[in-house]
Amino acid sequence: GAAIWIGGIPFFIMALARIKDGAALRLVGKRFSQMSMVSVIVIFAAGMGMSLDFIGSIEAIYGTAYGIMVSTKVVLFGVLLLFGFANFRTVERLRSNPMTSIQHMRRFAEVEIGIGLTVFFAAASLTSLPPASDLTLDRVSMTEIVERLTPQWPRLSSPDHDKLALPALQAQLDAEAAANNARQIPRAFIPGGGDLAPRNAEDIAWSEYNHHWSGILVLAIGLLALAERTGRAPWARNWPLLFLVLAIFLFIRSDPENWPIGDIGFFESLRDPEVVQHRIFVVAITLFGLFEWGVRTGRILNPKAAYVFPIITAAGAGLLLTHSHAIANIKDQLLIEMTHVPLALFGIGAGWARWLELRLEPKDRKLPALIWPICFVLVGIILLTYREA
């Protein structure tokens, strides 16, 4: 069903670009709508059947990582249905008025492709999770969720690096090796070795500090983007430079056991999949900031450069859906993922709203141009309330 629906949209867009006759447009739109409706029924029926078998209860929906990811797929599926319904209405208007503009239908179809691919990413991530029906002992209760998600004052002071679990353990091993005149000093952690890096209270505080300062930067970005839209603060168009600050901050602090502040070298650290994901995020943020700053300030005149914004934002949000943390406690992992899911959803919303702002006719750009900076503001607020304990 997904292959026919999402996979058929590129060809639907190509057909719309070639057809100029209103009656033919309506015929093509009607045929694709009918095919999409059948696909939706297939997806819905299969999803319901698998959910009954693999989830099985309301508690498993919010109490397991599998249930959370399925819920995320449902949200994205609902968004796809909204765009599909909007296109269906355009097809129906062609019946009474063959001269009806199909601009919205073409642009909404483009967004459907992007969100559909994101759904595929979310579906793929499910293969790494045990079905909720199999995980009956370590489910998160609603009380634990409320307790974790209750906002607290952000952590704006960082713990010392040498008090983190891994540097402290390595220092202890170094001291023991020196006392025993050992020729080879044991390693506290080997990237990619399959073992989990040790964590303590300072590690949790370090992570919360990173998220909270990142939230301040993203919140400032969203507010400055809104200020730029008013036309009264032309200097605010430099807001993409804050992404460079964010990228440098994350590059230094996201993995404190690795270079440049840790003992593990840069290339050796890339054996750890989580570190690779963090580095990809840093590169994406840097590219995003540089290109968007060039576009906003007129330094990059190629109009295609503006598409870096929605593509990088939507792709980064999609990667966040598949991002996993190496945390021993399943409950802690799930509680963290509950924060990452809304971040990813707002990121997807920001990326594709910006895409519509660029692709729609000028008279229709006002709403999407307002949606994406609001999404950034909401991301910043979520990061400011992030907790791991």
Side-chain angles (χ1 to χ4, degrees), residues 69 72-73 75-76 79 110-111 113-125 207 210-211 213-222 224-225 239-255 270 272-296 304-325 336-358 368 371-384 386:
M69 286 306 300
T72 304
K73 284 179 57 181
V75 171
L76 293 174
V79 174
E110 293 170 355
V111 174
I113 295 174
I115 297 178
L117 292 175
T118 305
V119 174
F120 291 157
F121 271 107
S125 69
S207 178
N210 291 351
H211 283 81
W213 274 103
S214 298
I216 291 175
L217 290 172
V218 175
L219 179 61
I221 288 168
L224 288 174
W239 59 262
L241 293 178
L242 287 178
F243 276 106
L244 302 184
V245 178
L246 178 61
I248 295 172
F249 175 78
L250 294 178
F251 179 74
I252 294 173
R253 292 189 55 93
S254 61
D255 300 287
L270 298 181
D272 188 334
E274 184 178 337
V275 174
V276 173
Q277 288 179 327
H278 288 166
R279 300 308 187 198
I280 291 175
F281 287 139
V282 167
V283 172
I285 291 171
T286 302
L287 292 175
F288 174 90
L290 287 174
F291 271 85
E292 190 60 21
W293 181 66
V295 170
R296 295 281 168 177
K304 293 183 179 179
Y307 293 108
V308 172
F309 179 118
I311 292 173
I312 293 293
T313 303
L319 286 174
L320 188 59
L321 284 179
T322 64
H323 181 55
S324 60
H325 283 79
I336 290 175
E337 294 305 323
M338 283 185 175
T339 304
H340 282 182
V341 166
L343 290 176
L345 291 177
F346 284 127
I348 293 168
W352 292 115
R354 172 61 173 163
W355 179 273
L356 288 176
E357 180 190 7
L358 294 171
I371 289 176
W372 69 258
I374 292 177
C375 286
F376 273 104
V377 170
L378 294 174
V379 167
I381 293 173
I382 293 173
L383 287 171
L384 278 171
Y386 177 88

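Residues take their numbers from the sequence shown, with the count starting at 1. Only a predicted model underlies this, so the values are computations on that prediction, with no experimental measurement involved.
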Asker: With sequence neighbours excluded, tell me which residues meet side chain to side chain donor-acceptor pair (under 3.5 Å) with Asn210.
Answerer: Arg253
Asker: Looking at residues at least two apart in the chain, or sitting in another chain, which of them share a side chain to side chain contact (heavy atoms under 4.5 Å, CB included) with Val308?
Answerer: Phe291, Ile312
Asker: How would you list, by chain and number, every residue that makes a side chain to side chain contact (heavy atoms under 4.5 Å, CB included) with Phe121, sequence neighbours excluded?
Answerer: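 If we apply the side chain to side chain contact (heavy atoms under 4.5 Å, CB included) test to Phe121, skipping adjacent residues, the hits are Thr322.
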Asker: Please enumerate all residues that pass ring-ring contact (aromatic ring centres under 6.0 Å, His included) together with Phe249, with sequence neighbours excluded.
Answerer: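 So Phe249 forms no ring-ring contact (aromatic ring centres under 6.0 Å, His included) with any residue.
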Asker: Which residues pass the side chain to side chain donor-acceptor pair (under 3.5 Å) test with Trp293, sequence neighbours left out?
Answerer: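 For Trp293 the side chain to side chain donor-acceptor pair (under 3.5 Å) partners, ignoring immediate neighbours, are Asn238.
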Asker: Ignoring hydrogens, what is the shortest heavy-atom contact between Leu356 and Pro368? Give both atom names and the distance.
Answerer: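 Distance-wise, the nearest heavy atoms are CB-CB, 4.0 Å.
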Asker: CH2 of Trp355 to CZ of Phe309: how many Å apart, nearest 0.5 Å?
Answerer: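 Answer rounded to 0.5 Å: 13.0 Å.
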Asker: What's the separation between atom CD in Gln277 and atom OG in Ser254, rounded to the nearest 0.5 Å?
Answerer: 11.5 Å
Asker: Side chain to side chain contact (heavy atoms under 4.5 Å, CB included), that's the test. Do Arg279 and Leu270 meet it? Break it down for me.
Answerer: CA-CA 9 Å; Arg279 300 308 187 198; Leu270 298 181; 4.0 Å; yes
Asker: Considering residues at least two apart in sequence or located in another chain, which fulfil the side chain to side chain contact (heavy atoms under 4.5 Å, CB included) criterion with Val283?
Answerer: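 Side chain to side chain contact (heavy atoms under 4.5 Å, CB included) check on Val283 returns Leu287.
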Asker: So, taking the atom named CD1 in Ile216 and the one named CD1 in Ile381, what distance separates them when rounded to the nearest 0.5 Å?
Answerer: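 Reported to 0.5 Å precision, the distance equals 12.5 Å.
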Asker: Just verifying a value: how many Å separate Leu224 CG and Leu241 CG, rounded to the nearest 0.5 Å?
Answerer: 10.5 Å
Asker: What pairs meet the salt bridge (Lys or Arg N to Asp or Glu O under 4.0 Å) rule with one or both residues in residues 308-321, with sequence neighbours excluded?
Answerer: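 Checked against salt bridge (Lys or Arg N to Asp or Glu O under 4.0 Å) - neighbours excluded - no pair reaches residues 308-321.
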Asker: Mind running side chain to side chain contact (heavy atoms under 4.5 Å, CB included) on Phe243 and Thr286 for me, showing each step along the way?
Answerer: CA-CA 7 Å; Phe243 276 106; Thr286 302; over 6 Å; no
Asker: Quick one: OG on Ser125 to CG on Leu320, what's the gap to the nearest 0.5 Å?
Answerer: 11.0 Å
Asker: Can His278 and Phe251 be said to form a side chain to side chain contact (heavy atoms under 4.5 Å, CB included), step by step?
Answerer: CA-CA 8 Å; His278 288 166; Phe251 179 74; over 6 Å; no
Asker: Side chains of residues 342-354: which donor-acceptor pairs under 3.5 Å do they make with residues two or more places apart or in other chains?
Answerer:
unit_1, atom_1, unit_2, atom_2, d
Arg354, NH1, Glu357, OE1, 2.9
Arg354, NH2, Glu292, OE2, 3.4

Asker: What side-chain hydrogen bond (donor to acceptor under 3.5 Å, both in side chains) pairs are there with at least one residue in residues 306-321, not counting sequence neighbours?
Answerer: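 Those involving residues 306-321 are Tyr307-Arg359.
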Asker: What's the shortest heavy-atom distance between Ala247 and Ile285, and which atoms?
Answerer: CB-CG2, 3.8 Å
Asker: Anything under 30° is parallel, anything over 60° is perpendicular, the rest tilted; go ahead and classify Phe288 against Phe376.
Answerer: tilted
Asker: Can you sort out the partners of Ala122 under side chain to side chain contact (heavy atoms under 4.5 Å, CB included), two or more places apart, ordered by chain and number?
Answerer: Met69, Lys73, Leu321
Asker: Please determine whether side chain to side chain contact (heavy atoms under 4.5 Å, CB included) holds for the pair Tyr386 and Ser207, giving the CA-CA distance in whole Å, both sets of side-chain angles, and the decisive distance to 0.1 Å.
Answerer: CA-CA 9 Å; Tyr386 177 88; Ser207 178; 4.1 Å; yes
Asker: Quick check for you: to the nearest 0.5 Å, what is the distance between Leu383 atom CG and Leu219 atom CG?
Answerer: 9.5 Å
Asker: What's the shortest heavy-atom distance between Ser214 and Leu250, and which atoms?
Answerer: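 Smallest heavy-atom distance, with atoms named: OG-CD2, 3.6 Å.
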